[in-house]
Enquirer: 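Encoded as structure tokens, here's the structure I'll be asking about.
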Amino acid sequence: MVITRTREELYKTLDEFFKQPGKLALIPTMGNLHDGHLSLIRLAKLKASKTITTIFVNPLQFGKNEDFKKYPRTENLDIEKLKKEKCDILFIPSNSEEVFSKYEKVKNLDSGILGSELCGKIRPGHFNGVLTVVNKLFELINPDIAVFGAKDYQQQILIKKMAETLHPKVNLIKAPIVRSKNGVALSSRNNYLSEKEFNIAANLFKCLKRSVNSYQKSEELEEILDNAKTFLTSKKLMPDYFELRDSELNYISKNNYKGDKVFLGSVTINNTRLIDNIEF
Ligand code: AMP
């Protein structure tokens with residue numbers, strides 16, 4: 001695996017790769033890699049002959065009081081894992097300037113109305129930061145394919161909408177959610193939880209599954225959502241939101257929608273916010 005830390009190193013490496021035939025797949029991450037991330041690389045390797053993973057804890061997507069500083073950084077372990085997966089290139093910028101150069105204005109993207117709903121309501125500006133960095137990575141790397149996890153459902157939809165206009169040639173692939181044995185979606189933020197809290201967190205997935213069941217039994221949507229929030233609260237998982245949306249994240253207000261849809265939930269447990277969803 002070639003490790004690049006500057007734009008110059010990245011460009012040189014990509015030049016060499018682009019001389020060879022085949023497709024390049026990009027997997028953007030913030031590091032602290034777990035099996036969820038690695039599943040994205042495995043999927044990318046099925047679709048492309050070359051893979052590039054980026055590890056960049058993007059300051060633009062963290063709010064003032066969020067965990068930018070304490071976000072887990074585990075560079076050496078990450079590199080070992082990527083080597084094992086036979087990832088071809090790692091871009092791990094040595095500082096933010098290798099992504100957002102001081103010689104160019106940051107092209108700040110706007111995630112629109114959808115970017116201020118669901119997670120965006122709790123994290124104002126978060127998705128603007130996400131779109132801004134993903135757009136920049138697409139510009140720097142020019143991938144044929146980019147892989148994003150279904151765990152961050154709203155993020156993946158917003159990136160898809162952004163790429164449709166700004167990077168129509170990039171083929172976006174959605175990778176399924178990887179879970180731990182107890183059902184909790186793998187996440188770097190699970191590191192903040194005690195063992196007890198991690199076990200409690202399994203109730204979010206349980207609640208999503210129960211809600212799908214209830215929907216399929218034609219229970220009233222309003223009642224399903226109320227029951228879900230009551231259930232989560234009873235488990236000391238404070239619901240930030242629990243909603244049903246169609247697959248493009250438009251509102252669904254009644255239990256008669258036949259198309260693809262998704263229950264999405266976000267809960268806070270002891271200052272740690274966890275998200276999860278089920279598509280059906
Ligand atoms: P992050 O490092 O949290 O920015 O995540 C990088 C990518 O990994 C994003 O596309 C996430 O959606 C994806 N990802 C994170 N956790 C999981 C998981 N449990 N299953 C599948 N994809 C995941």
Side-chain angles (χ1 to χ4, degrees), residues 25-47 51-63 66-68 70-75 77-79 81-82 85 87 90-93 99 111 118-120 123 126-138 141 143 145-163 170-193 198 201-202 204-205 208 249 262 264-267 272-279:
L26 164 67
I27 306 101
T29 80
M30 297 203 297
N32 191 238
L33 302 179
H34 50 63
D35 271 347
H37 298 114
L38 302 184
S39 76
L40 268 52
I41 296 165
R42 286 172 205 147
L43 187 57
K45 288 186 82 73
L46 296 177
K47 308 278 178 187
T51 48
I52 173 164
T53 301
T54 59
I55 295 183
F56 179 55
V57 185
N58 168 33
L60 298 184
Q61 70 189 69
F62 287 79
E66 292 186 352
D67 55 344
F68 176 69
K70 78 164 188 180
Y71 195 84
R73 289 160 172 89
T74 50
E75 182 178 319
L77 279 174
D78 290 349
I79 289 175
K81 288 179 184 175
L82 290 172
E85 294 300 327
C87 175
L90 167 63
F91 178 45
I92 176 161
V99 178
S111 57
L118 299 163
C119 286
R123 307 183 70 185
H126 166 69
F127 288 115
N128 296 346
V130 170
L131 293 188
T132 299
V133 76
V134 172
N135 176 55
K136 188 73 235 175
L137 292 174
F138 282 8
I141 294 167
I145 291 168
V147 188
F148 295 91
K151 197 207 121 215
D152 298 274
Y153 194 92
Q154 186 178 10
Q155 164 175 291
Q156 163 261 321
I157 290 287
L158 285 164
I159 291 170
K160 188 178 80 155
K161 287 181 191 290
M162 176 276 285
V170 182
N171 176 13
L172 297 187
I173 297 177
K174 179 173 68 171
I177 301 176
V178 177
R179 301 178 178 283
S180 65
K181 272 199 191 123
N182 71 353
V184 174
L186 298 188
S187 162
S188 303
R189 291 196 169 92
N190 293 346
N191 287 328
Y192 301 149
L193 304 178
F198 185 69
L204 175 55
F205 183 47
L208 286 162
L249 294 180
V262 53
L264 306 114
S266 163
V267 295
T272 299
R273 214 169 62 77
L274 304 174
I275 56 171
D276 200 353
N277 66 79
I278 296 191
E279 295 169 66

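Just follow the structure's listing: the first ligand is 1, and inside any ligand the first atom is 1.
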Enquirer: May I ask you to test the Arg42-Leu46 pair for a side-chain heavy-atom distance under 4.5 Å?
Expert: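 Sidechains of Leu46 and Arg42: no contact.
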
Enquirer: For residues Thr54 and Ile141, determine if any side-chain heavy atom of one lies less than 4.5 Å from a side-chain heavy atom of the other.
Expert: yes

Enquirer: Number the atoms of ligand 1 from 1 as they appear, then name those within less than 4.0 Å of a heavy atom of Ile177, with their elements.
Expert: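 Listed by number with element, the hits are 20 (N), 21 (C).
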
Enquirer: Going by heavy atoms in the side chains, are Leu26 and Phe138 under 4.5 Å from each other?
Expert: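 In contact.
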
Enquirer: Can you tell me if Pro176 has a non-hydrogen atom under 4.0 Å from ligand 1?
Expert: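 Distance cut 4.0 Å: Pro176 passes for ligand 1.
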
Enquirer: Below 4.0 Å, non-hydrogen atoms only: which portion of Asp35 touches ligand 1? Side chain, backbone, both or neither.
Expert: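 No part of Asp35 is near ligand 1 at this cut-off.
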
Enquirer: Below 4.5 Å, heavy atoms only, C-beta onward: do Arg189 and Asp67 meet side chain to side chain?
Expert: yes

Enquirer: Could you tell me whether the side chain of Cys119 reaches within less than 4.5 Å of the side chain of Arg273, counting heavy atoms only?
Expert: yes

Enquirer: Could you tell me whether the side chain of Leu249 reaches within less than 4.5 Å of the side chain of Gln154, counting heavy atoms only?
Expert: yes

Enquirer: Could you tell me the residue and atom name of the protein heavy atom closest to atom 14 (N) of ligand 1, and the distance to it rounded to 0.1 Å?
Expert: Asp152 OD2, 4.2 Å

Enquirer: Considering only heavy atoms, which of Phe148, Tyr153, Tyr71 lies nearest to atom 3 (O) of ligand 1?
Expert: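 Of the listed residues, Tyr71 has the closest heavy atom.
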
Enquirer: Go through ligand 1 atom by atom and flag the ones less than 4.0 Å from a non-hydrogen atom of Pro28.
Expert: 6 (C), 7 (C)

Enquirer: Val184 versus Asn190: any side-chain heavy-atom pair under 4.5 Å?
Expert: yes

Enquirer: Looking only at N/O atoms, are Leu40 and ligand 1 under 3.5 Å apart anywhere?
Expert: no

Enquirer: Report the member of His34, His37, Met30 with the shortest heavy-atom distance to atom 5 (O) of ligand 1.
Expert: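 Of the listed residues, His37 has the closest heavy atom.
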
Enquirer: Tell me, which protein residue and heavy-atom name are nearest atom 10 (O) of ligand 1, and how many Å apart are they?
Expert: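 In this structure, atom 10 (O) of ligand 1 has Gly149 N, 2.9 Å as its nearest protein heavy atom.
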
Enquirer: Just let me know how Ala150 lines up against ligand 1, side chain, backbone, both or neither, with a heavy-atom cut-off below 4.0 Å.
Expert: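 Neither part.
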
Enquirer: Both conditions, 6.0 Å and 45 degrees, for the charged tip of Lys70 above the ring of Tyr192: are they met here?
Expert: yes

Enquirer: Could you tell me, atom by atom, which parts of ligand 1 come under 4.0 Å of a heavy atom of Leu186?
Expert: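 Heavy-atom distances to Leu186 below 4.0 Å select 16 (N), 17 (C), 18 (C), 19 (N).
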
Enquirer: Has Arg73 got its NZ or CZ under 6.0 Å from the middle of the six-membered ring of Phe68, at an angle within 45 degrees of the ring axis?
Expert: yes

Enquirer: For atom 20 (N) of ligand 1, what's the nearest protein heavy atom and its distance?
Expert: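 I find the closest protein heavy atom is Val178 N, 2.9 Å.
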
Enquirer: Is ligand 1 less than 4.0 angstrom away from at least one heavy atom of Gln156?
Expert: no

